[in-house]
Each structure stands twice: as structure tokens, then as C-alpha cells.
Protein chains: 2
Amino acid sequence: MLAFETHDHQACVKTRVAAVEMQARARKLRLTPIRRRVLEILLEDHRALGAYDVLAKLEAEGLGAHPPVAYRALDFLVEHGFAHKLERRNAFVACDHPDAGHRPAFLICRDCAAVAEADSAGVARALAQTASGAGFEIETAAIEAEGLCPACQIAAP
Amino acid sequence: MLAFETHDHQACVKTRVAAVEMQARARKLRLTPIRRRVLEILLEDHRALGAYDVLAKLEAEGLGAHPPVAYRALDFLVEHGFAHKLERRNAFVACDHPDAGHRPAFLICRDCAAVAEADSAGVARALAQTASGAGFEIETAAIEAEGLCPACQIAAP
DNA sequence: GCTAGAATGTAATATCGTAACACTTATTTG
DNA sequence: CAAATAAGTGTTACGATATTACATTCTAGC
């Protein structure tokens, strides 16, 4: 639950960008300057950011001023498992474990928008069982809890 | 998993509106004509409808032509447990079990938008356990699976 | 009937997201 | 290497989703 703990964030961003770079190379994906910068922007917080928040930062740096620029980069990151979309917030967050194809559960703080990934295996299993009883074939599952992170429980009681 | 089975839908709508009416009376809520009609619109399909879909139907019947009309009625229904919002789709669906305060899991067909409610107790328990390990205090959880309903598995293989 | 609170009507605008097409840059292939 | 192809980017325009604010009307309770 990395996001809720203090840690050396500079280093954290660096190692995680490096990890994605490696993954990208291995999978022959192009981590272009815009995509890389969007990933960094997401990593700089462990927070949920809207597409237009990301776009504003890009724009301030002269990297593209129109919505499709942000959406395309975000779509790329999401598609390849380097970021996730939070459906409840129409927002995006960098992935904690940049291995492709996982779909974690999310714990989202309603106060500070910090986001932690949680293992969804148990949850997914329970869901799959229910679905199969109905003859429903699950393709993807979004599991998003909202509430208060430890810090905000103290700050705003 | 009512939504995926054939049934007498006329009767289904009628009994469910009646159930909500009783609930509303018991809880001193005002099920006004607009709110009632929006509920019926949602019940007429067991499908996910966008706010603007609902609004279009209201408009065609002369019941209000501006977005807040639809959103206010939908918010009322959601707030009191007579409908749910599907975050992944920015859409709404009538509640299967109009008792207040429950938060089911959803099985949403990507093809026909049929929606079934599934028991979320097991899923919620698994999630709560993970969260408590992180010191995170869950207030609400959205659990939404997307895939193919039985009918659409046959229709579109 | 009066009044307070709830609900509705309406305009304007914010926020989120995409289609379409021109152009540039990278990769493949003859 | 050059041409052909594919992938990525720049830009315009628009569509879809949602809210704020304020005026007006309705309703319940006195």
C-alpha cells in the first residue's frame, strides 16, 4: 500500500520510469517523450489526475495543448498496463506494478485523491463465482473503494 | 440474476414501481411525477441508460427538457436506493431490491447493456480486509464487471 | 390562507472525451 | 539507401456528461 506510506519519492519516480522503460523495450513499445512525460506526471503524485490536469502540465511545458494529446498518451499507458483509469473519478493513476494485464482493486481517498492498489485476486474470485452462476462471462472488472486514507483520517475527523 | 432471464416484464415494472411507492410512503419521500416516470423509464429496460437518454424520453413526454431535471430525479433515486449509478458507463439502472443502503456488484453486458445485480457480500469482505491492512477506511465501493450476458454470448460469439 | 421548505424551470457553463484529417517521424522492406 | 508503410503528433471541431445559480412553483404543516 505504497501510496499511503512516506518514502523517497524522487527515487521512487526514477526507478519506476526506468522499470517502464525496460518493459517498453522488451515489448517493443515506443515510450515517446510525451508518453514518458505523462507517465512522470502521474508518478509525481500517487494521486488520481484528470486528463485535463495532465494536459495543463503538458501545455505549460510546451508539449501539446489539445485534449487528444493527453488522451492518446493516457490511453497508451492504460492499454499497456503502465497506468490505470479510475472509472469513478474519470481520472488516471500510474500503475504500481508495471506488469501487463493486471487489474487491481483501488483504494481512493476522497479527501486527497491518493490511490493505492490492492490485490484483487480474492475479490475477483468471488465475483467470478457469482457471475458463472448467472451464465455471465466476465471480461473486465472495475473494483474501486472510496474512503479516507490514514493521513486524512487524522487530518479530517 | 433477474435481468438475464425472460419474464413478464409488464408485471415486473408494475410491481416494482408499487414497491418503491410503498417504500417512499413509509420513509416520507416524495415520489413526484418526474421521479416516478424516471424510475419507470429505468425499469422498462433492465438496461443501463445515460442521463441524456432519460432526459430525451422525458422531453418527448413534455416532462422537462433541461439536464438538471433528469439529474435531479436520478440523484433522488440513487440517494434513496431506488436506482444505482454505473460508474464505468456514466449510466443509471433501476435497483432490483429497493431496500435502502445496499451496494451490490454489477454484471454489465458490453453488447446489450443489460445489467444484473449480484451479491457483493463476499467481494466486499475481501476488499474490507485488504483495506484494513492499509489503514484505509472504506466508505463506498463500486464493483462493476463487464462482459457478455448469456444471450449475447450466443448472438455474438 | 400563510409560510417554510421542497421541487421544478431555465440559462449558462464547466468538465470529460472523441472523430476526422493533415502532417511528421520512425520502421520496414525492396 | 530510398521508397513504402506504419506509427505518432498537431489541430479543429464537436459530442457527451454534469453542475451552478437563480427564479418560480408546489406542498405540507400550521
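All values below come from the heavy atoms of this structure, side chains included, with hydrogens, waters and symmetry mates left out.
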Enumerate, atom names and distances included, each donor-acceptor pair closer than 3.5 Å involving a side-chain atom of residues 53-77 of chain A, sequence neighbours excluded.
from  : atom 1 : to    : atom 2 : distance (Å)
A:D53 : OD2    : A:G50 : N      : 3.0
A:E61 : OE1    : A:R37 : NE     : 2.7
A:E61 : OE2    : A:R37 : NE     : 3.3
A:E61 : OE2    : A:R37 : NH2    : 2.9

Overall bend - the helix from C:dG1-D:dC30 to C:dG30-D:dC1, comparing terminal axes fitted on five pairs, nearest 10 degrees: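 End axes: 30° apart.
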Flag side-chain contact, heavy atom, 4.5 Å: B:L148 against A:E139: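 Side-chain contact under 4.5 Å: yes.
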Sugar-phosphate or base contact per nucleotide [nucleotides 16-30 of chain D; S, B, -; heavy atom under 4.0 Å]: -BBBBB-----S---
Outermost DNA chain C nucleotides near chain A [under 4.0 Å, heavy atoms]: C:dC16 to C:dA26
same_hphob_cluster(B:F92, B:Y52) at 4.5 Å side-chain heavy-atom cutoff: no
Closest-nucleotide ordering on DNA chain D, the 5'-leading residue of A:R35 and A:H66: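 Upstream on the strand: A:R35.
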Partners passing side chain to side chain contact (heavy atoms under 4.5 Å, CB included) against B:A124 (at least two apart in sequence or in another chain): none
Partner residues of A:R25 under the side chain to side chain contact (heavy atoms under 4.5 Å, CB included) criterion, sequence neighbours left out: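 For A:R25 there are no side chain to side chain contact (heavy atoms under 4.5 Å, CB included) partners, ignoring immediate neighbours.
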Taking every non-hydrogen atom, the tightest pair across A:E117 and A:C95: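 What the structure gives for the nearest pair is OE2-CA, 3.3 Å.
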Gap separating the CZ atom of B:R88 from the CZ atom of B:F106, nearest 0.5 angstrom: 13.0 Å
Donor-acceptor pair, side chain of B:R89 and main chain of B:A48, under 3.5 angstrom: no
Flag, side chain of B:R103 to backbone of B:T140, donor-acceptor distance under 3.5 Å: no
Donor-acceptor side-chain pairing of B:Q129 and B:R125 below 3.5 angstrom: no
